[in-house]
2 protein chains.
Amino acid sequence: MSKMPRVGLSSDAVVDVAIELVDDVGLDALTLAAVAVRVGVAAPSLYKHIDGLGELRRLIAVRSMSELADRLTAAVLGRSHDDALRQLMLAYRTYALEHPNRYAALPQHPVSDPDLATAGTRVVDVILAVLGAYQLDGPEAIHAARSIRAAAHGFAALQTAGGFQLAEDTDASYELLIHMVIAGLLHIRGSVHLDRQERSASTGADE
Amino acid sequence: MSKMPRVGLSSDAVVDVAIELVDDVGLDALTLAAVAVRVGVAAPSLYKHIDGLGELRRLIAVRSMSELADRLTAAVLGRSHDDALRQLMLAYRTYALEHPNRYAALPQHPVSDPDLATAGTRVVDVILAVLGAYQLDGPEAIHAARSIRAAAHGFAALQTAGGFQLAEDTDASYELLIHMVIAGLLHIRGSVHLDRQERSASTGADE
DNA sequence: CGCCGATAGCTAAGATGCATAGCCTCCTGG
DNA sequence: CCAGGAGGCTATGCATCTTAGCTATCGGCG
C-alpha cells in the first residue's frame, strides 16, 4: 500500500482547481482547505506549489484577466469600427456572465502586481487597436479606451452582482450602452450628430 | 474600581467605527477583533449590537449606498438636463474617490438584502428624476439609467482599484465619458427602437 | 429608597483556517 | 545502486469568528 502517491501537481494545476472551486461555490469559499480537498492533498502540501492564499488569489486574477483578453482579441478579429467595438463589448459582458465569480475576483487584487498589470495591458491594447480604425490615437485614444472599459466593466459588475432589479431586459439595456459609446466616439471626431449613413459604412451587421 | 464601564454602544456606533476602520486600513483589515479594540470592548461583546461579521459588512454597504444616494440627490438639486446629469456623475465619482475602501465594500454584498436594495433604489430614483427632464420614462428610462449607472460605477471602480495606469489625466477621461453619455441620450429613442427590431428578428443568443 | 430584571459587558472554549517546521518517501540522474 | 531533491505528510502555533454562560450595571417600579 503506497502511502504517498505523488499526485503530480503543479502551480497551474492548483490554480485550475481553485478557479473551478470559485466558479462552483463563490469567492468567499475559496479556502486552501477546500482546494486541498479537491486536489486530494493535505492543505500544507499546497505550499510546495503556491505561496499561500494571497498568491493563489493573485494567480486566479491574472488567469482570469488573461482569459478575458483572449476573448476580446478573438471577438474583434476580422472586424473594425462599430462592428468591432460592439462585438468587443458583447464579448466582455459575455465573459463576465459566464464566469461571474471568477470575474468578481478581478477587482480584488488590483495594484502592485506586474503580471496582472501585463494582462490588463493586453485588454487595453485590444481596445486601442479597435480605436485605431476610428483614427484615434494619443491621449484621445487613452481617454476613449478608459471610457469603453468603464462602460463594459460597470455594466458587467452591476449585472453579475445582481444590481439590476427591475424587469426590463438587460440585453436591451446593454445595447443602449453600446450605442451610447459609439455615439460618443463620433462626438470625439467632431461629428456631433449620429448619422445612419456614417454608421453603415462598416458591414451591415450592426443594423 | 468599576469593572464593567458600560461604554454605551449601539448598532449605529459600531458601524461608525467599522467604517472608520475600513477607511483607515482597508476592507481586508475589517475584523471583529479590530473593531472591538477601537470601540474599547472585547470582541464577543459586539454580538450584543450586531449579528456577526456578515451583518456588519452588510450594514456598512447599506450605509455607504445611502450616503452615495444623499450625495447624488444633493448634486442635482436645482439643476436639470445636461447640467444635472454631469453633476450627478461627478458627484458619483467624487464619493468613490473620497472613500475608496468604503466604496469597494459596496459590490461585495449585492443581492438578497432588502435594505441595500432600498438604498440602491434611491440611487436609481435620482437618475430617473434627472432623465425625466429629457422626457424619458418607462422602459427607455430604465435602460438609460442602467447605462448611466454602469458608466459611473465602472469608472469609479476602475480608478479606485488603480486600473488606470497611464499618465493621462483621469479627470479628462471622465469628462469624455460624461459627454459620451450625454451624446448617447440624444439618440436614445432611435437606438432603443432599433434594438427591439434587431432582437425580435434574431433568436437573441448572447454570443 | 431599594430591589429586580433587562441589558451590556466579560471570560472561556470550540471550530476553522492560514502558515511554518520538520520528517518521510518517492523518483530521477549519475 | 544510491544520493539527493521534490513532493507529500503530521504536528503545531496563531488569529479569527462564534457560542455559551456568567456578572455587573442601570433604569424603572414598588
Side-chain angles (χ1 to χ4, degrees), chain A residues 1-63 101 104-105 108-109 112-113, chain B residues 1-63 101 104-105 108-109 112-113:
Chain A
M1 178 168 54
S2 64
K3 285 160 72 178
M4 293 162 92
R6 289 274 167 145
V7 179
L9 229 40
S10 73
S11 174
D12 278 351
V14 172
V15 174
D16 287 344
V17 171
I19 287 183
E20 246 180 61
L21 182 69
V22 167
D23 283 347
D24 285 359
V25 289
L27 249 190
D28 292 343
L30 175 67
T31 168
L32 287 187
V35 172
V37 167
R38 282 215 179 195
V39 303
V41 300
S45 303
L46 295 175
Y47 283 79
K48 300 288 179 175
H49 306 286
I50 51 147
D51 187 16
L53 182 61
E55 167 89 349
L56 182 57
R57 290 209 190 100
R58 206 192 109 248
L59 292 173
I60 290 174
V62 172
R63 176 83 70 87
N101 297 334
Q108 314 293 3
H109 261 268
S112 77
D113 189 277
Chain B
M1 175 170 63
S2 66
K3 285 161 73 178
M4 293 162 93
R6 289 272 166 147
V7 179
L9 231 40
S10 73
S11 175
D12 279 350
V14 172
V15 175
D16 286 345
V17 171
I19 287 182
E20 246 179 61
L21 183 69
V22 167
D23 283 347
D24 284 359
V25 289
L27 249 190
D28 293 342
L30 175 67
T31 170
L32 287 186
V35 172
V37 167
R38 282 216 179 193
V39 303
V41 300
S45 303
L46 295 174
Y47 284 78
K48 298 290 180 176
H49 307 285
I50 52 147
D51 187 15
L53 183 60
E55 167 90 347
L56 182 57
R57 290 209 189 100
R58 204 191 110 251
L59 292 173
I60 290 174
V62 172
R63 175 84 69 88
N101 297 335
Q108 315 292 6
H109 261 268
S112 77
D113 189 276

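Throughout, protein chains are lettered first and strands after them, A, B, ... in sequence-line order, and every chain is numbered starting at 1. The structure presented is a predicted model; accordingly, all values stated were derived computationally and were not measured.
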Rounded to whole angstroms, how far apart are [atom1] on [X] and [atom2] on [N]?
X       : N      : atom1 : atom2 : answer
A:Arg57 : C:dC18 : CZ    : P     : 8 Å
B:Glu55 : D:dT19 : CD    : P     : 12 Å
B:Leu30 : D:dT16 : CG    : P     : 12 Å
B:Leu56 : D:dC17 : CG    : C1'   : 13 Å
B:Asp28 : D:dC17 : CG    : P     : 13 Å
A:Leu53 : C:dT16 : CG    : P     : 18 Å
B:Lys48 : D:dT18 : NZ    : P     : 16 Å
A:Leu32 : C:dT16 : CG    : P     : 16 Å

With a 4.0 Å limit, can you tell me whether B:His49 has a side-chain N or O closer than that to the phosphate oxygens OP1/OP2 of C:dG9? yes
Pick base, sugar-phosphate or nothing for B:Ala42, based on heavy-atom distances below 4.0 Å to the nucleic acid. base
Nucleotide nearest [X] when distance is taken to its side chain, options [options]:
X       : options                : result
B:Val41 : D:dG8, C:dC10, D:dT16  : C:dC10
B:Pro44 : C:dC18, D:dT18, D:dC17 : D:dT18
A:Thr31 : C:dG9, C:dC18, D:dT19  : C:dC18
B:Ser45 : C:dC10, C:dA19, D:dC9  : C:dC10

Side chains of [X] and [Y]: does their closest heavy-atom pair fall under 4.5 Å?
X       : Y       : answer
A:Leu30 : A:Leu56 : yes
B:Ile50 : B:Leu32 : yes
B:Val39 : B:Leu46 : yes
A:Asp24 : A:Arg38 : yes

For A:Tyr47 and for B:Ala43, find the nucleotide of DNA chain C with the closest heavy atom, then tell me which residue's nucleotide is more 5'. B:Ala43
For the CG atom of A:Leu27 and the CG atom of A:Leu21, what is their distance to the nearest 0.5 Å? 10.0 Å
